[in-house]
Amino acid sequence: MGTVSSRLPVFPWDRLEPYKTTAAAHADGIVDLSVGTPVDPVPALVRKALTDAADSPGYPTVWGTAALRDALTGWAERRLGATGLAHTNVLPVVGSKELVAWLPTQLGLGAGDRVAHPRLAYPTYEVGARLAGAEPVVYDAPWDLDPAGLKLLWLNSPSNPTGRVLGAEELRRTVAWAREHGVLVFSDECYIELGWETDPVSVLHPDVCGGSYDGIVSVHSLSKRSNLAGYRAAFLAGDAAVLGELLQIRKHGGMMIPAPVQAATVAALGDTEHVGEQRERYARRRTALREALEAAGFRIEHSEASLYLWATRDESCWDTVADLAKRGILVAPGDFYGTAGERFVRVAFTATDERVDAAVRRLAQ
């Protein structure tokens with residue numbers, strides 16, 4: 001029997017382990033800037049909502065409670081400018097990575113189908129295509145793709161790893177091209193609340209989609225905006241026909257968010273104060289690390305949004321990783337995200353203030 005894992009690339013983070021060991025040996029400990037995992041507390045009102053709903057002995061539903069769907073549509077209308085959303089236009093999912101990895105399979109894609117993603121991209125887009133037996137293809141400009149056999153097009157704005165933001169005109173052109181050729185668009189917008197030098201726009205905004213959600217779905221996560229990575233709280237919004245099909249499949253698969261997490265999601269999406277406080281923390285860390293990296297001879301490209309700085313010294317990314325590891329700083333090599341990143345590193349600013357300060361001191365040495 002063949003193994004499904006044989007279709008997949010080597011898990012990239014395993015390659016970083018020796019450098020993590022080197023960084024951890026630093027006298028003052030490791031500063032891990034390699035993974036964008038939240039380190040700050042879960043907001044108190046979210047924790048309260050979770051515990052208040054802890055007595056949930058029955059099975060939750062895959063579609064979620066009506067209160068959750070109200071929260072999802074309400075947030076999308078307020079924050080993204082989406083109009084006329086009904087409950088059929090939203091679907092909660094068990095974290096966005098699960099969705100990305102299994103979406104091509106749940107869409108019924110397979111041999112002979114093609115799935116496109118940006119040349120520099122989150123590796124799970126490729127993994128999802130390979131799990132389904134489909135062919136992953138990369139692009140620089142979506143409208144230059146050959147549409148033959150192309151069934152799914154991933155957008156990612158703000159980008160992981162580069163922090164690049166696609167403007168409304170570029171998004172509008174992409175949506176129009178995809179509709180013309182019958183290609184389904186999924187737009188990963190998990191960092192949309194984290195614009196620093198620009199205000200990211202969603203594919204669901206009327207200026208992009210023309211007020212119609214046909215053929216487009218946006219992906220959102222509470223991991224970054226609300227420090228809920230451990231809750232696995234995410235959702236989709238967009239084409240009701242696509243989401244309705246996914247709902248039926250996910251019902252059979254039992255892909256349901258725990259009831260207490262659904263309640264916590266409602267609380268998190270209904271509050272903006274904690275989002276502003278977290279943005280202020282990240283803004284301070286971002287400024288400190290950017291200034292320190294530039295003073296140490298790095299050039300920062302893009303990085304106008306998201307939780308990362310896309311940095312280069314115009315050398316192999318692994319040489320940069322090795323040098324920083326000797327200083328006790330761990331970063332992600334750019335080639336994790338495609339060969340176009342082989343001279344860059346991705347530097348997360350999700351560490352604590354104390355660890356960021358330590359990194360700044362070490363970069364100055």
Side-chain angles (χ1 to χ4, degrees), residues 36-100 158 188-195 199-200 202 204 217-238 243 246-247 250-251 254-283 305-307 350 352:
T37 188
V39 298
D40 300 302
V42 173
L45 85 163
V46 177
R47 282 179 280 155
K48 183 177 186 305
L50 184 84
T51 56
D52 286 350
D55 186 15
S56 298
Y59 290 112
T61 65
V62 172
W63 202 18
T65 63
L68 175 59
R69 283 175 264 134
D70 281 341
L72 301 182
T73 56
W75 180 85
E77 289 173 352
R78 294 190 306 273
R79 182 61 185 83
L80 307 180
T83 57
L85 289 172
H87 283 192
T88 52
N89 295 114
V90 292
L91 179 65
V93 294
V94 191
S96 58
K97 183 169 186 175
E98 170 265 306
L99 181 281
V100 173
D188 182 347
E189 301 174 355
C190 289
Y191 296 91
I192 201 163
E193 300 247 47
L194 295 162
D199 187 18
S202 170
L204 301 186
V217 176
S218 63
V219 183
H220 297 277
S221 168
L222 281 78
S223 295
K224 310 302 191 290
R225 77 180 293 278
S226 300
N227 297 333
L228 297 190
Y231 284 46
R232 311 313 301 135
F235 66 96
L236 309 177
L243 298 188
L246 291 176
L247 175 59
R250 295 171 72 85
K251 282 180 179 179
M255 294 176 163
M256 45 192 138
I257 297 177
V261 175
Q262 293 188 27
T265 300
V266 172
L269 291 177
D271 180 70
T272 58
E273 183 176 354
H274 78 273
V275 179
E277 291 172 354
Q278 190 59 45
R279 277 182 54 87
E280 290 177 5
R281 294 186 190 105
Y282 284 143
S306 82
L307 289 176
T350 53
T352 64

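Numbering starts at 1 and runs along the sequence shown.
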Once rounded to the nearest 0.5 Å, what's the spacing between atom [atom1] of [X] and atom [atom2] of [Y]?
X      : Y      : atom1 : atom2 : answer
Leu85  : Arg69  : CG    : CZ    : 13.5 Å
Arg47  : Asp52  : CZ    : CG    : 12.5 Å
Ser202 : Ile192 : OG    : CD1   : 5.0 Å
Ser306 : Leu194 : OG    : CG    : 7.5 Å
Arg232 : Ile257 : CZ    : CD1   : 10.0 Å
Arg78  : Thr73  : CZ    : OG1   : 8.5 Å

Donor-acceptor contact below 3.5 Å, side chain [X] vs main chain [Y]:
X      : Y      : result
Asn227 : Pro38  : no
Gln262 : Leu68  : no
Asn89  : Ala86  : yes
Arg279 : Gly195 : yes
Ser226 : Leu228 : no
Asp188 : Cys190 : yes

For [X] against [Y], the heavy-atom pair lying closest together:
X      : Y      : value
Arg250 : Leu99  : NH1-CD2, 4.3 Å
Lys224 : Tyr191 : CE-OH, 3.5 Å
Pro158 : Pro200 : CG-CG, 3.7 Å
Thr350 : Gly36  : OG1-CA, 3.6 Å
Val62  : Pro92  : O-CG, 3.5 Å

Would you mind reporting whether [Y] and [X] have side-chain heavy atoms less than 4.5 Å apart?
X      : Y      : result
Thr88  : Leu243 : no
Met256 : Thr61  : no
Arg281 : Asp40  : yes

Q) side chain to side chain contact (heavy atoms under 4.5 Å, CB included) with Glu280: which residues, sequence neighbours excluded? A) Arg284

(Q) Can you list everything that forms a side chain to side chain contact (heavy atoms under 4.5 Å, CB included) with Ala234? Sequence neighbours excluded, please. (A) Val93, Ser96, Ser221

Q) Which is it for Arg225 and His274 under the side chain to side chain contact (heavy atoms under 4.5 Å, CB included) test, yes or no, and what are the steps along the way? A) CA-CA 9 Å; Arg225 77 180 293 278; His274 78 273; 4.0 Å; yes

Q: Carefully, step by step, assess Trp63 and Leu91 under the rule side chain to side chain contact (heavy atoms under 4.5 Å, CB included).
A: CA-CA 6 Å; Trp63 202 18; Leu91 179 65; 4.0 Å; yes

**Q.** Test salt bridge (Lys or Arg N to Asp or Glu O under 4.0 Å) applied to Glu189 and Arg79, step by step
**A.** CA-CA 12 Å; Glu189 301 174 355; Arg79 182 61 185 83; over 6 Å; no

Q: Given side chain to side chain contact (heavy atoms under 4.5 Å, CB included), test Tyr231 with Thr265 step by step and report yes or no.
A: CA-CA 9 Å; Tyr231 284 46; Thr265 300; over 6 Å; no

Q) Which pairs, with at least one residue in residues 70-93 and sequence neighbours excluded, count as a ring-ring contact (aromatic ring centres under 6.0 Å, His included)? A) Trp75-His220, Trp75-Phe235

